[in-house]
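These notes are about the structure you will find just below.
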Amino acid sequence: MRPENIRNFSIVAHIDHGKSTLADRILLQTGAISEREFRDQVLDDMDLERERGITIKARAVAIRYQRDNEEYELNLIDTPGHVDFHYEVSRSLAACEGALLLVDATQGVQAQTVANAYLALDGDLAIIPVVNKIDMAAARPEEVAEEMDSTFGFTPEECLPCSAKTGMGVDRIIDAIIEQVPPPPGNPDDKLRALIFDSHFDEFRGVIIYVRLIDGELRKGQRVKMLSTNATYDVTELGQFRPQRRAVDSLSAGQVGYVIASIKDLRDIHIGDTVTDAANPSADRLPGYEEPKPMVYCGIFPTDNDDYDDLRQALLKLSLNDSSFSFEPESNEGLGFGFRCGFLGMLHMEIIAQRLEREEDIDLVQTAPSVTYELGLRDETTISINSPDKVPDPSTIESWSEPIAKVSFITPSDSIGPIMQLCQDRRGKYLRTEYLSQSRTILVYELPLAELIVDVYDRLKSITRGYGTLDYEIIGFQKADLVKMDVMVASEKVDALSTIVHREFAMKRGRRLVQKLKQEIERHMFPIAVQAAIGGKIIARETISALRKNVTAKCYGGDISRKRKLLEKQKEGKKRMKQFGRVEIPQKAFLAVLQMESE
Ligand SMILES: Nc1nc2c(ncn2[C@@H]2O[C@H](COP(=O)(O)OP(=O)(O)OP(=O)(O)O)[C@@H](O)[C@H]2O)c(=O)[nH]1
C-alpha cells in the first residue's frame, strides 16, 4: 500500500461518549465487519471491559476502503478513555496522524474530552471534531458545538454531527478522515524504523507487539533489532487485524500491524522502542515514551491463607499483560501473607481486584490505598516508600515529599462552592476557573494524590448528582509535613496498624482510629489501653474496660445445642485472632483500620 493512500487515526472521547460504538460503525460502514458482528462490539475484546464500558488496552484495526476507484487503508488505533490510562492514549496517538474528537451531544465537553484533545494537539495531530448521539431526544448539538468552540476553537461548521447507533452522519466522518488526516510521511526505501506502540501477551503465541512503520519495510523471516536493548529476534509472523488477525508477507512505511517473534516475556519489550533491521540498522531512534510508574499502592491478601500460591500465580499472569501493574510479597501481622501491589490509579486498582476475584475465584482482602512517598534522609540519600512499615527511624528523616496531582473538574456552575470546599478540606491549592458555557465551569486545583484517591471522585459525583467529571495528571513531588503514626495496644506496638498522615490531621485521625479499635477489640479480663502515637508521643487514647465475657450467659434454660453452637462459633472466631502481648486482636479490627478512609 502506498503511503498516500494510508490514513492512521484514533478516536478520543470521554468515557461512554460512544467511541467503541463509532469504531464498530466505521468497521460496518466500510464492510470490515457484518451487521451481526457489529452487534458484538468487536473492538473491546475483554469481558470485563465490555461490562464496565471501558476500553483498557489499545488495539489497532486495518480497514480497506474503496472510494472513487482508489483503495485506502484506514488504520484505526483504539485508545482507552479513562484518567488512569493517559499514557496509553498518548502512545497510541504517537502512531497516528489524526484523531476524531468525539463528544456526546447530551453530555457536552467533559474532563477527558479536554485531556484527550490536548494530548492530540501535543502530538500535532489533525483533529476532526464529532458530535455523537444526535438521535437522542436529550441531544443539544448546537450548545455542544458552542462548547467545542469556546474550549478548542472549532467552529460549529467544523463539528460533524452523527449517531454511531443509527449510522447517521458516519459516511461524512469517513470522508473527513480521508480528506483531513494527512497521509503518513515516511519513506519505504529508507532503512527500517518501526515504533512499538503496544504489546500484549497471547497464551498460545507469546508476546504480540503492535508496530507502526515509519520508514522502510518489515518482512516475514527478517532479523530485527530493538534499538533500546539491542536484543535481536526473527520475525516469525507479521500481519494486520482486519479485525481478525491476518498474516502478510511484508508491511511498509506508514502501515500499522502486529509482529510475532518468539518473544517470551512482555518485559523484554519496551513500548516506545524502535525496531530496525539487525543487519542494516538505522541509527536514529524514534522519540519514545517514559513508562509510567505505579503511584497508588494497596495490600492484597487472600482471605484464606491457603490461597496464597494461587494468588501469586494470578498476579504474575496479570502482570504479564500489564507492565504498569507491579507486586511484591508483603506480610502483615493481622492479615497474614499477601502482596503489596502498585497501580497507575484508582480505576486501574479496581479493575485488577475485580479481575482477580472473578477470573481466579480467590476471595481477597484489600487494604486502603496509599501513595508513593519520597523521603530525604540525613545522609543526603533519597528513598521511595509505598507502605508505612518501610518508613525508617524518624531521626534519620530530613524531609517527606508526596505526589501532587493537577486536577481539572468540569462541573455544573452551581456546584462550584461545595467542590471548592471539598478541595480546601483536602489540602488543595486553587489554580483557576474557566467558563465552558453559561451553565458549566472548569475548575483547576492542585491536590495531594493521597487526598485525591480517598474519596474525591465519589464526593464529586454526589455533589454534582453525577454531572461532574474530573481528570488529573501527576505534576511531581512536593515537600509536606507528613508523619508516621503508630498504634499501641496494651503498650505493645502493632506495626500492621501504622499509617502515614499529614501532621495537621494526625490528631483527628488518631482519635478516630483508637475509637474504631475500641469497638473492634473485645473486652479482656483486664483493662486495655489503645493509643496512637507519633515518634513516641501519645496523641490519642481510649481504654477498653475489663470484663469477663461469657457468650453463653444469655442462654439460660436447657438449650444445650444452641449453647454448643455459640461456643463453636466463638472458637472459630478465635482462629482469626492475633495475640499481641496479652491482647487478642481480631482480623476484623485490622481491616477496620486498614480500610478506614481518612477525613
Ligand atoms: N442513542 C445513542 N446511543 C449511543 C450512540 N453511540 C453510543 N451510544 C451508547 O452509549 C453507550 C456508550 O457507548 P460506547 O461506544 O460503549 O462508549 P465508549 O466511549 O466506547 O466507552 P468507553 O469504552 O467506556 O470509553 C452505549 O450504551 C452505546 O450504545 C448514539 O449515537 N446514540
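Read the numbers this way: they start at 1 and go in the same order the structure lists the ligands and their atoms. On a predicted model such as this, the values are computed, not experimentally measured, just so you know.
Proximity of T21 to ligand 1, defined as any heavy-atom pair under 4.0 Å, is shared by backbone and side chain alike. With a heavy-atom cut-off of 4.0 Å, K133 touches ligand 1 through backbone and side chain alike.
Under the ring-ring contact (aromatic ring centres under 6.0 Å, His included) criterion, H348 pairs with F85, F343, not counting sequence neighbours. For Y430, the ring-ring contact (aromatic ring centres under 6.0 Å, His included) test picks out Y445, with sequence neighbours left out.
The ligand atoms of ligand 1 that sit less than 4.0 angstrom from a heavy atom of S20 are 15 (O), 18 (P), 20 (O), 23 (O). In summary, the atoms of ligand 1 found under 4.0 Å from a heavy atom of K19, numbered by their order in the structure, are 15 (O), 17 (O), 18 (P), 19 (O), 20 (O), 25 (O). Near I15, the atoms of ligand 1 lying under 4.0 angstrom from a non-hydrogen atom of the residue are 24 (O), 25 (O).
Remark: the S415 side chain and the R440 side chain contain no N/O donor-acceptor pair separated by less than 3.5 Å.
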Review point. Could you walk me through whether L318 and R355 pass the side chain to side chain contact (heavy atoms under 4.5 Å, CB included) check?
Key: CA-CA 9 Å; L318 277 172; R355 200 168 276 169; 3.5 Å; yes
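Looking at ligand 1, you won't find any N or O of A13 less than 3.5 Å from one of its N or O atoms.
A centroid separation of less than 6.0 Å is found between the aromatic rings of Y210 and F241.
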